[in-house]
A.B. asks: 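Below are the C-alpha cells for one structure; questions will follow.
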Amino acid sequence: MEAEKVTGIHGCCPNPLLILLEPQNHQPLPKPKSTTAACRHTFAATTTSSFFPNTHFTNHESLPSHQESSAQFLKAYPKYSESCQVDKIRDQEYYHLSVSNHVCLDYIGIGLFSYSQVQSQVSAVVPLTSSSSSPSSHECSEYPFFDISCKSVDLKSELLHGGDGSQLESCIKKKIMNFLNMSTNEYSMVFTANRSSAFKLIAESYPFKTSKKLLTVYDHESEALETMVNTSEKRGANIMSAEFKWPRLRINSVKLRKLIIRKKKQKKSRGLFVFPLQSRATGASYSYQWMSLAQENGWHVLLDACALGPKDMDSFGLSLIHPDFLICSFYKVFGENPTGFGCLLVKKSVVSMLEASVSTGIVSLVPPTQLLNSLDSSGSGTELEQKTNFVTKLDELHISGSNSAHNSAKSTHNNESGKDAPKDKSKEELDQSISTLGDNTKLEEKGSIEIQCRCLDHVDSLGLMQIGNRRRYLVNWLISALLKLKHPNRLDHFPLVKIYGPKIKFDRGTAMAFNLFDWKGERVEPILIQKLADRNNISLSHGFLSHLWFPDKYEEEKQRTIEGKKCDEKDAQNKKSKKTDFGISVVTIALSFLANFEDVYRLWTFIAQFLDADFVEKERWRYSSLYQKTIEV
C-alpha cells in the first residue's frame, strides 16, 4: 500500500519544475492546484509512516541493519531503482569512493571531471616515467586538466574586450553555457578564482551611487556574502536583508515585500537584489517569483545558483526570468579534488552601466604548466625531454588561442603580405602532443580544442527527473531516520537531533542544517561532531544560521537558542565597530547526485552514537584535552 502511495505521488507531480513554480506565502499570488498540494502531502505522510512506523531508537546498537533498512527504503520508494545508472557511474567513474570507504557530504557546486578521467590523463603521461606502478589517489589529485592564472583586469573591460580567451577557455565556457542552458547571445561569462571573488567583483562594479540599495535573501552567513556586503557598504550601499521566521525558517514574506516594492513616484533603479533559489545551509527552496517581483519594481537581480543541483537549472524558467547576473561554481573531481573556479554571467544589456574598478578575482584557465613539476624527476634524460615537450606544447596551445583573439588583424596582414607562418608544422606537433591525453582532450578541425567534462556529460545523460527523484528520496529518508533517534530514560522522548528549516518535504533541497543535543538538553558543539565524523571517514561541514526572526510567543525559546557568532582576532578587529552577529551554529551536509543509500545510512549510524551519554562525555573530554579549550554548550 505504501509503494502504491509513492507511485501515485509521481503520477500527479511528474515534473520537479513545480519545486520552483509554487508560490510561497506571499500575496496576492495564485494558490497551487489542490492535486499538487495533496500529492506533496501524501509524499510527506508516506515518508513518515513507511520507515519503521511508531518506533523510536534509543540505542545505537538497536538500529536496524543496512540490509533491513535498505529493504524498507526500496519498499517506500520503488522508483529509486530506476536510478541504478547512477550507481553504475559511481562504480565505474568514482571507484575511489569505495576504495577509500569515504562518505562525502561537504561538496557544494557542480563537478567537471570524473576520477576515472583523471586517472586516464595521468596514465597518458606517467608511462613516460620509469615507474611501472599505477599512480596513487593523491598523485592523481595533483594532475589538473587546467591551472588558474590571475588576471589584472577590471570586470567591465573584461566583459567588453576580453573575448573568448584561449582555445582551452573558450571550450570550457561553451560547455558550461550549454550545461546551464544560457544563451551566449544574451550573456557574457568570466571565470573567477572562487565564489567569493564573483560576489566581490559585482560589489566593486555595481553603481551604488545611483542605485544605493543591496537586498540579500540568505538564512545563513558565508564568506562570499560577507565579502559582498562589506565591499558594497564601503562604496555607500544601503544594506538590507530578508528575515526568516522561526521555527520553520520560511521567508518573512510581509517584510520582504515591503523592502522590494517601491513607491509609485520612484522610477529609478532601486539597487541590487541578491537571491538564491535554494539555501545551501537548510535546503529551503524559494519561489523564483520573488525575482519577478523585484524586476517589476526596478531592481537588478543577481541569481546565486551555487546551491542548486547539477540539473536544477533545467527547471529554471529562463524564458520568464532573465537575471542581470548569475553566479555558480564548479569543482574538479567529486570526493577527490574540490578546487575549481567560479563563474560570473552578466547580461550584455547591463554591462554598460557597470563602473570601472581596480579589482582582482578574474582568472584565466590555462594548460597545466606545472604538470612537469609533479612528475617523478628520476627518469632518464630522454623521458624528461618528452615530458618537457608535452607541457611546452600545451603552453603553445594556450598562447596560440590567446593571441588569435587579440591579434587577428596582425595575422591577416601577414598572410596578405605573403608571409607564411609555420602554422601547419605547429598544428601537427600540437596534435601529437595533445593525443597523449587520450580521450580527455582532442583537437578538432581548424586546430580547435575539445575537452571532455565527463561529470557534466554524465549528469546530462541522467537528466533532471532521475537525479531529482533520487536525491529527494535519500534526503527525506535521512530526515525521517534522524527524527526517530530519542534519548533513553526521558519520559518526554527528548530528541537527539534538531533539524532547522524544512524537514520531510517533497520540494526541499538536499542540503540540511542540524544540531545534536545530549540527554541533558545541552548542544554538542558542531565542530566536535565534524571532527568525529572525519575520524569515521565522513565529511561534514558547519555553518551559522542568521537573519532569524522570532515572533513574540517564541521569545523564551529565542533566549535559549540564539548565540553570538564566534570569530578570530582578525575578524573581531574588523567588526569591532559593528554590532554582534547573532544566530545559531549548526552542522551542515549536502547530498550530491552520486550519493547512495549506504552514504545516508552510515551518517545515521554515526549520529546514533551520540545517544550514548558516556560516548559524548568521553569525546568532549578528549577534544578539550587535544585542543586545550573547553567546549561551550
Side-chain angles (χ1 to χ4, degrees), residues 2 5-6 9 16 19 40-58 60 63-64 66 69-70 72-77 79-80 103 105-106 219-220 244 247-250 278-285 307 309 468-487 493-517 524 526 529 533 538 540-543 545 584 586-593 595-611:
E2 292 157 352
K5 289 180 181 179
V6 175
I9 289 171
I19 297 174
R40 298 183 180 195
H41 176 76
T42 302
F43 175 87
T46 301
T47 299
T48 303
S49 62
S50 295
F51 178 68
F52 300 100
N54 303 317
T55 303
H56 293 151
F57 299 101
T58 59
H60 68 281
L63 297 185
H66 175 270
S69 299
S70 178
Q72 288 278 352
F73 175 78
L74 293 175
K75 182 179 179 182
Y77 306 122
K79 287 183 175 288
Y80 178 84
V103 177
L105 302 174
D106 58 344
D219 61 4
H220 62 282
F244 298 84
R248 303 179 72 177
L249 301 193
R250 290 181 173 179
Q278 282 185 6
S279 166
R280 59 192 280 135
T282 64
S285 295
N469 286 339
R470 180 185 177 95
R471 298 167 80 210
R472 178 179 299 113
Y473 300 148
L474 290 172
V475 72
N476 280 285
W477 179 89
L478 175 61
I479 292 171
S480 176
L482 290 175
L483 294 177
K484 290 185 175 293
L485 301 178
K486 308 287 184 179
H487 281 290
H493 299 292
F494 188 74
L496 170 66
V497 183
K498 180 171 181 59
I499 296 172
Y500 302 93
K503 296 180 177 60
I504 297 171
K505 194 174 182 182
F506 180 87
D507 57 0
R508 76 177 330 279
T510 55
M512 184 173 70
F514 65 93
N515 271 320
L516 305 185
F517 293 84
V524 181
I529 298 170
I538 301 174
L540 309 176
S541 299
H542 64 275
L545 302 183
I584 306 173
V586 293
V587 182
T588 61
I589 66 166
L591 302 184
S592 79
F593 84 98
N596 60 17
F597 182 76
E598 183 178 355
D599 290 340
V600 294
Y601 179 81
R602 281 184 57 190
L603 176 62
W604 184 50
T605 57
F606 163 72
I607 290 177
Q609 294 180 84
F610 290 83
L611 290 169

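As a basis for the values below, the full set of heavy atoms in this structure was taken, side chains included, without hydrogen atoms, waters or symmetry mates.
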A.B. asks: How long is the gap from NE2 on H493 to CG on L485, to the nearest 0.5 Å?
C.D. replies: 14.0 Å
A.B. asks: Please list, chain by chain and in numerical order, all residues satisfying side-chain hydrogen bond (donor to acceptor under 3.5 Å, both in side chains) with T510, sequence neighbours excluded.
C.D. replies: R471
A.B. asks: H41: what forms a ring-ring contact (aromatic ring centres under 6.0 Å, His included) with it, not counting sequence neighbours?
C.D. replies: none
A.B. asks: Taking the six-membered ring of Y500, is the NZ or CZ of K498 close enough (under 6.0 Å from the centre) and on axis enough (within 45°)?
C.D. replies: yes
A.B. asks: Between L105 and L603, is any pair of side-chain heavy atoms under 4.5 Å apart?
C.D. replies: yes
A.B. asks: What pairs with P495 under side chain to side chain contact (heavy atoms under 4.5 Å, CB included), at least two apart in sequence or on another chain?
C.D. replies: K486
A.B. asks: We want to know whether Y77 and T47 form a side-chain donor-acceptor pair, criterion being a heavy-atom distance below 3.5 angstrom.
C.D. replies: yes
A.B. asks: Can you confirm whether R472 sits close enough to F506 that some side-chain heavy atom of one is under 4.5 Å from a side-chain heavy atom of the other?
C.D. replies: yes
A.B. asks: With a 4.5 Å cut-off on side-chain heavy atoms, are L482 and L496 touching?
C.D. replies: no
A.B. asks: Ignoring hydrogens, what is the shortest heavy-atom contact between V586 and A513? Give both atom names and the distance.
C.D. replies: CG2-CB, 3.9 Å
A.B. asks: So how far is it from E598 CD to H66 NE2, rounded to the nearest 0.5 Å?
C.D. replies: 5.0 Å
A.B. asks: So do the side chains of I607 and V497 get within less than 4.5 Å of each other, counting heavy atoms only?
C.D. replies: yes
A.B. asks: Could you measure the distance from the CG atom of D599 to the CG atom of L474? Nearest 0.5 Å is fine.
C.D. replies: 8.0 Å
A.B. asks: Any side-chain to backbone donor/acceptor pair from S50 onto T46? Under 3.5 Å, distance only.
C.D. replies: yes
A.B. asks: Between the side chain of N476 and the main-chain N/O of K505, is any donor-acceptor distance below 3.5 Å?
C.D. replies: yes
A.B. asks: Does the side chain of L478 reach to within under 4.5 Å of the side chain of I589, using non-hydrogen atoms?
C.D. replies: yes
A.B. asks: Checking side-chain contact (heavy atoms from CB on, under 4.5 Å) for the pair L545/L249: CA distance, chi angles, key distance, verdict?
C.D. replies: CA-CA 10 Å; L545 302 183; L249 301 193; 4.0 Å; yes
A.B. asks: So, using side chain to side chain contact (heavy atoms under 4.5 Å, CB included) as the criterion, who are the partners of H542 when residues are at least two apart?
C.D. replies: P526, I527, Q530
A.B. asks: Go through the structure and list residues passing ring-ring contact (aromatic ring centres under 6.0 Å, His included) with F517, not counting sequence neighbours.
C.D. replies: none
A.B. asks: Test of understanding: with side chain to side chain contact (heavy atoms under 4.5 Å, CB included), list the residues that count as partners of L483, not counting sequence neighbours.
C.D. replies: I479, I499, K503
A.B. asks: How many angstroms lie between atom CG of L63 and atom CD of Q609, to the nearest 0.5 angstrom?
C.D. replies: 10.0 Å
A.B. asks: Considering residues at least two apart in sequence or located in another chain, which fulfil the side chain to side chain contact (heavy atoms under 4.5 Å, CB included) criterion with A481?
C.D. replies: F51, W477, W604
A.B. asks: Could you check whether any side-chain heavy atom of Y473 comes within less than 4.5 Å of a side-chain heavy atom of F597, counting everything from C-beta outward?
C.D. replies: no
A.B. asks: Go through Q72 and F52 one step at a time and tell me if the side-chain contact (heavy atoms from CB on, under 4.5 Å) criterion holds.
C.D. replies: CA-CA 8 Å; Q72 288 278 352; F52 300 100; 3.8 Å; yes
A.B. asks: Find the distance between OG (S285) and CG (D507) and round it off to the nearest 0.5 Å.
C.D. replies: 5.5 Å
A.B. asks: Restricting to side-chain hydrogen bond (donor to acceptor under 3.5 Å, both in side chains), what partner residues turn up for D106, sequence neighbours left out?
C.D. replies: none
A.B. asks: Using the test side-chain hydrogen bond (donor to acceptor under 3.5 Å, both in side chains), find all partners of Y80 that sit at least two apart in sequence or belong to another chain.
C.D. replies: R470
A.B. asks: Holding to side-chain hydrogen bond (donor to acceptor under 3.5 Å, both in side chains), I want the full list of residues that pass it with D219, two or more places apart in sequence or in another chain.
C.D. replies: S279, T282, Y286
A.B. asks: Is there side-chain contact between H487 and L611, with heavy atoms separated by less than 4.5 Å?
C.D. replies: yes
A.B. asks: Examine distances only and state if a side-chain atom of R508 and a backbone atom of P502 form a donor-acceptor pair shorter than 3.5 Å.
C.D. replies: yes
A.B. asks: Which distance, rounded to the nearest 0.5 Å, do you find between the CD1 of I584 and the CZ of F514?
C.D. replies: 14.0 Å
